[in-house]
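Inspection log for the structure reproduced underneath, given as structure tokens.
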2 protein chains.
Amino acid sequence: MPPTAESIEKRLAAFEQACRAAGLRLTHQRLEIYRQLALSRNHPTAEALYLELRKKIPTVSLDTVYRTLTTFASHGLINKVETIESQAHFEVTHEQHHHLICSRCKEIIDFEWRTVDDADLPEAVASWGRIDTRSVVVSGICRKCLP
Amino acid sequence: MPPTAESIEKRLAAFEQACRAAGLRLTHQRLEIYRQLALSRNHPTAEALYLELRKKIPTVSLDTVYRTLTTFASHGLINKVETIESQAHFEVTHEQHHHLICSRCKEIIDFEWRTVDDADLPEAVASWGRIDTRSVVVSGICRKCLP
DNA sequence: TTACTTGCAAAGCCTTTGCAGTAAA
DNA sequence: TTTACTGCAAAGGCTTTGCAAGTAA
């Protein structure tokens, strides 16, 4: 999972190929944005990437970073870390439950999943700190939105 | 899990008590905001609640709804549906993994959890539509941020 | 050359905040 | 009465968009 020197190279190669396949032009900015992201051990925001990037390409603009990340994500080249939209959604507090989200209509449904609630967390997680909540987000297309 | 007439009443009673315990004043707006949320089967946004609320309290303002929801959430009376912050975070696509988030420093760590990856989804979920991804978000306070 | 990308600037959306008036305790 | 809460208006942060100039193919 952590990026190593050679895994970056492999990733970049795969990336270039995927761009070609998708008909995306390989610009200097795109390559650097992808490389920067692939090098990141954390999960940077657009702005964090932008700040790093400016060291290499002083003229890049923040909007290009945004646009590029959106483009990459829409082609499945990168992921936006699981988030439910820019708008916050609320619920009254109740029993432990999880969420099912339709990526088309954005409807959010609750569901229960005891298997997960009762499962022991991996050791790496247990030693990370104090755990407060565990919640699964399952996403897909709901029946109403399927063709 | 779906709210029923009497469970609302129970919830409102518990809510009023919790407000008193927390030293929060019971205003008309707060009660109605809470009731509206408790009645919701979906997970409304502040704006959705506001639009409904205006039917009952025409003078209510959107900022009050925001402020009230924030207050409620900070007292644990309601939940903000799992989201990682207002800023989007990105990562290159790689193997199935999950996220560990420190609610203090907001650092996001990847981890693997085969138990969940391999577990069968509950039946209710399986019949919901087409599933694309399942991802666990575990939150808490990481060791570095613990006292 | 042609169509896609970029940088710039401005707008957009969601949310927060300062302030003065209002209402709960 | 006292202090917290509300509504208003304005600002703030993150993200998107229109447009003209630039560049990959």
Side-chain angles (χ1 to χ4, degrees), chain A residues 12 15-34 36-37 43-51 53-75 77-81 83-90 106 108, chain B residues 12 15-34 36-37 43-51 53-75 77-81 83-90 106 108:
Chain A
L12 274 169
F15 167 73
E16 295 190 18
Q17 182 147 344
C19 279
R20 263 186 265 281
L24 291 177
R25 289 192 179 165
L26 276 166
T27 66
H28 186 35
Q29 289 89 332
R30 286 185 173 166
L31 272 169
E32 290 306 327
I33 289 172
Y34 188 88
Q36 188 64 46
L37 186 57
H43 299 68
T45 59
E47 174 137 32
L49 285 169
Y50 167 67
L51 292 174
L53 230 63
R54 276 211 303 197
K55 295 178 185 169
K56 286 188 165 180
I57 315 177
T59 58
V60 276
S61 68
L62 180 56
D63 12 71
T64 295
V65 176
Y66 272 111
R67 223 168 343 207
T68 303
L69 291 171
T70 305
T71 304
F72 287 174
S74 75
H75 285 273
L77 296 167
I78 65 171
N79 284 137
K80 228 174 166 162
V81 173
T83 162
I84 290 170
E85 271 293 87
S86 56
Q87 264 179 296
H89 292 254
F90 301 87
K106 313 295 183 195
I108 305 172
Chain B
L12 274 170
F15 167 72
E16 294 190 17
Q17 182 146 343
C19 279
R20 264 185 266 279
L24 290 177
R25 290 191 178 168
L26 276 167
T27 66
H28 185 34
Q29 291 89 332
R30 285 185 174 169
L31 272 169
E32 289 306 325
I33 289 172
Y34 188 87
Q36 188 64 45
L37 186 56
H43 300 69
T45 58
E47 174 136 35
L49 286 168
Y50 167 66
L51 292 175
L53 230 61
R54 276 211 305 196
K55 297 177 185 168
K56 287 188 165 180
I57 315 176
T59 58
V60 79
S61 70
L62 179 57
D63 10 76
T64 295
V65 176
Y66 271 111
R67 222 170 337 210
T68 303
L69 291 171
T70 305
T71 303
F72 287 173
S74 76
H75 285 272
L77 296 167
I78 65 171
N79 283 136
K80 229 173 168 165
V81 173
T83 164
I84 290 168
E85 268 295 86
S86 57
Q87 262 179 298
H89 292 254
F90 301 87
K106 312 295 182 196
I108 305 172

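Throughout, protein chains are lettered first and strands after them, A, B, ... in sequence-line order, and every chain is numbered starting at 1. All values below were derived from every heavy atom in this structure, side-chain atoms included, with hydrogens, water molecules and symmetry-related copies excluded.
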Would you check if [X] and [Y] make a side-chain contact, meaning some heavy-atom pair closer than 4.5 Å?
{"X": "A/His28", "Y": "A/Ile57", "answer": "yes"}
{"X": "A/Tyr34", "Y": "A/Thr68", "answer": "no"}
{"X": "A/Val65", "Y": "A/Glu47", "answer": "no"}

Can you tell me the distance, in whole Å, between the [atom1] atom of [X] and the [atom2] atom of [N]?
{"X": "A/Tyr66", "N": "D/dG13", "atom1": "OH", "atom2": "P", "value": "12 Å"}
{"X": "A/Leu62", "N": "D/dT15", "atom1": "CG", "atom2": "C1'", "value": "8 Å"}
{"X": "A/Leu31", "N": "D/dA24", "atom1": "CG", "atom2": "C1'", "value": "12 Å"}
{"X": "B/Ile33", "N": "D/dC5", "atom1": "CD1", "atom2": "C1'", "value": "11 Å"}
{"X": "B/His28", "N": "C/dT22", "atom1": "NE2", "atom2": "P", "value": "17 Å"}
{"X": "B/Leu26", "N": "D/dT3", "atom1": "CG", "atom2": "C1'", "value": "16 Å"}
{"X": "B/Gln29", "N": "D/dG7", "atom1": "CD", "atom2": "C1'", "value": "9 Å"}
{"X": "B/Arg67", "N": "D/dC5", "atom1": "CZ", "atom2": "P", "value": "10 Å"}

Any side-chain N or O of [X] less than 4.0 Å from the OP1 or OP2 oxygen of [N]?
{"X": "A/Thr27", "N": "C/dT6", "value": "yes"}
{"X": "B/Arg30", "N": "D/dC5", "value": "yes"}
{"X": "A/Thr70", "N": "D/dT15", "value": "no"}
{"X": "B/Thr64", "N": "D/dT6", "value": "no"}

In a check of salt bridge (charged side-chain N to carboxylate O under 4.0 Å, His left out) between A/Glu32 and each of A/Lys55, A/Lys56, A/Arg54, which one passes?
->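 Running salt bridge (charged side-chain N to carboxylate O under 4.0 Å, His left out) over A/Lys55, A/Lys56, A/Arg54 with A/Glu32 returns exactly one hit, A/Lys56.
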Is the B/Phe15 ring parallel, tilted or perpendicular to the B/Phe72 ring (thresholds 30°, 60°)?
->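 Rings of B/Phe15 and B/Phe72: perpendicular, as their planes differ by over 60°.
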Side chain of [X] only, please: which of [options] is the nearest?
{"X": "A/Arg25", "options": "C/dT5, D/dT6, C/dT15", "result": "C/dT5"}
{"X": "A/Leu24", "options": "C/dT5, C/dT6, D/dT15", "result": "C/dT5"}
{"X": "A/Asp63", "options": "D/dT17, C/dT6, C/dT15", "result": "D/dT17"}

Of A/Ile57 and B/Arg20, whose nearest nucleotide on DNA chain C comes first from the 5' end?
->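 Here A/Ile57 is the residue nearer the 5' end.
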